[in-house]
Amino acid sequence: MAFMSYRAADSAHKNIYSELPLIGNERLNFNSSTSFVPTYVKENVATSTGPAYQSRVAGRQILLENPVRESKAKKEREAKRARRALDRAQREAGVLSKKMGQQKGFWRLRKEDTKFHLFLPLHSLWLGYMSELLSLSPQPATRPGDPAVAMPGAAGMQSKLIKADFHGAVVTVRKSKNSCLVGLSGIVVHETENAFKVITQKDQLKMIPKQNSIFAFAVPLYATPALTSLPSSSSAPARTVSEMPHIEFELYGNHFCFRAAERAGRKFKHKETIEL
């Protein structure tokens with residue numbers, strides 16, 4: 001009781017719940033004719049009120065507090081709803097997903113179909129595709145003295161080859177961290193994001209990872225017509241690109257880990273190559 005009487009008798013004690021004094025003995029008026037923000041900024045924020053308000057505040061939306069953020073669960077529900085809508089649209093259009101294609105075995109080859117000569121027309125079709133893509137000139141009747149004269153510009157070829165389709169190309173593993181893969185060569189029958197599936201000349205199906213490997217492939221030096229059917233026994237056997245005048249390139253698998261469809265619309269940037 002003595003303590004309470006002492007506090008009550010203290011004249012220096014102030015009530016924290018008392019009203020604050022008026023600013024300049026004036027009370028703020030809030031009505032439709034008086035805009036609060038311009039008046040308050042000009043009178044209390046800065047000394048040079050006119051230019052500061054016009055350049056920083058006038059005509060802008062200023063958030064006085066953090067906006068309401070959507071919850072993580074709501075974002076996950078919207079993402080699932082979008083995926084279901086996309087799957088439904090693909091089913092209605094008759095498009096099979098990657099999982100359904102694997103279940104149906106679209107990319108599985110039977111043992112009797114893993115023959116190198118069966119994919120020579122695919123390789124010949126790729127040669128014709130390269131001839132059209134790179135705008136190769138036809139082979140002259142007489143062999144030129146210097147083959148470099150007929151060689152197109154390498155800078156323009158590289159920008160096209162990096163976005164080209166490699167189904168049907170003959171690729172060879174030149175370097176790899178896995179020494180068992182070095183020297184392996186074959187026709188590409190399936191390209192995924194991280195691997196090449198090739199048919200070797202020994203009629204073997206091999207899966208070669210792109211990561212930590214350097215590949216070599218060649219394109220014809222002159223325009224080559226595409227072979228659309230299997231060669232008959234009487235006709236001359238189909239040739240590969242290595243049996244004709246060609247230009248050889250190296251492909252770094254670490255920079256090529258993309259699907260063929262994604263690579264066609266991707267913008268590649270120049271960067272240093274990390275050696276194996």
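When a residue number appears, it is its place in the shown sequence, counting from 1.
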As an exercise, state the distance from [atom1] of [X] to [atom2] of [Y], rounded to the nearest 0.5 Å.
{"X": "Lys115", "Y": "Gln201", "atom1": "NZ", "atom2": "CD", "answer": "14.0 Å"}
{"X": "Leu134", "Y": "Ile247", "atom1": "CG", "atom2": "CD1", "answer": "8.0 Å"}
{"X": "Lys210", "Y": "Ser176", "atom1": "NZ", "atom2": "OG", "answer": "14.5 Å"}
{"X": "Met157", "Y": "Leu136", "atom1": "CE", "atom2": "CG", "answer": "6.5 Å"}
{"X": "Ile162", "Y": "Leu251", "atom1": "CD1", "atom2": "CG", "answer": "8.0 Å"}
{"X": "Phe116", "Y": "Leu205", "atom1": "CZ", "atom2": "CG", "answer": "13.0 Å"}

Considering all heavy atoms of both residues, which atom of [X] and which atom of [Y] are nearest to each other, and what is their separation?
{"X": "Pro220", "Y": "Leu127", "value": "CD-CD2, 3.8 Å"}
{"X": "Val241", "Y": "His246", "value": "O-ND1, 3.4 Å"}
{"X": "Val188", "Y": "Leu122", "value": "O-CD2, 4.0 Å"}
{"X": "Cys257", "Y": "Gly253", "value": "SG-O, 3.2 Å"}

Taking only residues two or more places apart in sequence or in another chain, which ones pass side chain to side chain donor-acceptor pair (under 3.5 Å) with [X]?
{"X": "Arg174", "value": "Glu248, Glu250"}
{"X": "Ser185", "value": "Thr172"}
{"X": "Asn194", "value": "none"}

- Query: When clusters are formed by joining ILVMFWY residues with side-chain heavy atoms under 4.5 Å apart, either directly or through shared neighbours, do Phe249 and Met244 land in the same one?
  - Reply: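 The answer is yes; both residues are in one hydrophobic cluster.
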
Closer than 3.5 angstrom, by distance alone: can the side chain of [X] be matched with the main-chain N or O of [Y] as a donor-acceptor pair?
{"X": "Thr224", "Y": "Tyr222", "value": "yes"}
{"X": "Tyr129", "Y": "Asp165", "value": "yes"}
{"X": "Asn254", "Y": "Asn212", "value": "yes"}
{"X": "His123", "Y": "Ala169", "value": "no"}
{"X": "His190", "Y": "Arg108", "value": "no"}

In the structure I gave you, are the side-chain heavy atoms of [X] and [Y] within less than 4.5 Å of one another anywhere?
{"X": "Val189", "Y": "Val198", "value": "no"}
{"X": "Glu243", "Y": "Thr240", "value": "yes"}
{"X": "Ile187", "Y": "Leu120", "value": "yes"}
{"X": "Val219", "Y": "Trp126", "value": "yes"}
{"X": "Met130", "Y": "Leu161", "value": "yes"}

- Item | Glu132: salt bridge (charged side-chain N to carboxylate O under 4.0 Å, His left out) partners, not counting sequence neighbours | none

- Task: Under the salt bridge (charged side-chain N to carboxylate O under 4.0 Å, His left out) rule, collect the residues that match up with Glu193, sequence neighbours excluded.
- Result: Arg259

- Task: Please indicate whether Lys163 has more than 12 foreign heavy atoms, meaning atoms of other residues, nucleotides or ligands, lying under 6.0 Å from its NZ.
- Result: yes

- Item | Residue pairs passing the ring pair (Phe, Tyr, Trp, His ring centres under 6.0 Å) test where at least one lies in residues 191-213, sequence neighbours excluded |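 Sorted pair list: Phe196-Phe215.
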
- Message: Is there a side-chain contact (heavy atoms from CB on, under 4.5 Å) between Ile199 and Thr114? Walk through the geometry before answering.
- Response: CA-CA 7 Å; Ile199 296 290; Thr114 56; 4.1 Å; yes

- Partner of Glu191 under side chain to side chain donor-acceptor pair (under 3.5 Å), chosen from His167, Lys197, Arg263: Arg263

